[in-house]
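We're numbering straight along the sequence, starting at 1.
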Amino acid sequence: MSFRTPQTIIPRLPGQYVGGRWQDGADGDPIIIQASVQPANAGDYDQMQAEQPGRRVERMVRIYTDVRLTAAGEDNTNGDSLVWEGERYLVVAVSPWRSTALKH
């Protein structure tokens, strides 16, 4: 049994320097992946505040998928975004997680 459902990811295209100033890349074409989206817990918020100084965390979810997502600051993009329940969530951290009990 799989708990994954179709989810929309908006990739960010690479940015570049223009006239000596950094310009973020534009949004790429949305893609649909299979993923499980779960609410974040209080510990997740505490950890994110410590790891992402300067970013204001207003809402947060966890996403479980076997698709490789790009986190903000990982390369020369600003990271992929998840569109969930009408809101856009920036991918700020990626962590391998494997469960032998459930196929997430």
Can Ile31 and Thr8 be said to form a side chain to side chain contact (heavy atoms under 4.5 Å, CB included), step by step? CA-CA 6 Å; Ile31 59 172; Thr8 301; over 6 Å; no
Residues Asp80 and Arg12 bridged, charged N to O under 4.0 Å: no
Run Leu69 and Ile63 through side chain to side chain contact (heavy atoms under 4.5 Å, CB included) and show every step you take. CA-CA 10 Å; Leu69 300 175; Ile63 180 170; 4.2 Å; yes
Return the [atom1] to [atom2] distance between [X] and [Y], rounded to the nearest 0.5 Å.
{"X": "Leu13", "Y": "Asp29", "atom1": "CG", "atom2": "CG", "result": "8.0 Å"}
{"X": "Arg4", "Y": "Thr65", "atom1": "CZ", "atom2": "OG1", "result": "5.0 Å"}
{"X": "Leu90", "Y": "Met60", "atom1": "CG", "atom2": "CE", "result": "11.0 Å"}
{"X": "Arg68", "Y": "Asp66", "atom1": "CZ", "atom2": "CG", "result": "12.5 Å"}

In the single-linkage hydrophobic clustering (I, L, V, M, F, W, Y; side-chain heavy atoms under 4.5 Å), do Ile33 and Trp84 co-cluster? yes
In terms of hydrophobic clustering (I, L, V, M, F, W, Y; side-chain heavy atoms under 4.5 Å; direct or indirect links), are Val61 and Val83 co-clustered? no
Taking the side chain as everything from C-beta on, heavy atoms only, tell me whether [X] gets closer than 4.5 Å to [Y].
{"X": "Tyr64", "Y": "Gln38", "result": "yes"}
{"X": "Asp44", "Y": "Arg62", "result": "yes"}
{"X": "Val37", "Y": "Leu82", "result": "yes"}

How close do Ser36 and Phe3 get, heavy atom to heavy atom, and via which atoms? CB-O, 3.9 Å
Closest non-hydrogen atom pair, Pro11 against Pro30: CD-CA, 4.4 Å
Going by the rule side-chain contact (heavy atoms from CB on, under 4.5 Å), which residues pair with Gln16 if we only count those two or more places apart in sequence or in a different chain? Val18
Before giving the answer on side chain to side chain contact (heavy atoms under 4.5 Å, CB included), spell out for Thr70 and Val94 the whole-Å C-alpha distance, their side-chain angles and the decisive distance to 0.1 Å. CA-CA 8 Å; Thr70 302; Val94 175; over 6 Å; no
Would you check, one step at a time, whether the test side chain to side chain contact (heavy atoms under 4.5 Å, CB included) holds for Val67 with Ile9? CA-CA 10 Å; Val67 175; Ile9 298 294; over 6 Å; no
Decide salt bridge (Lys or Arg N to Asp or Glu O under 4.0 Å) for Asp27 and Arg88; before the verdict, give the C-alpha distance in whole Å, the side-chain angles of both, and the deciding distance to 0.1 Å. CA-CA 12 Å; Asp27 287 343; Arg88 193 164 169 166; 2.9 Å; yes
Tell me whether the guanidinium CZ or amine NZ of Arg59 lies under 6.0 angstrom from the six-membered ring centre of Tyr89 and within 45° of its axis. yes
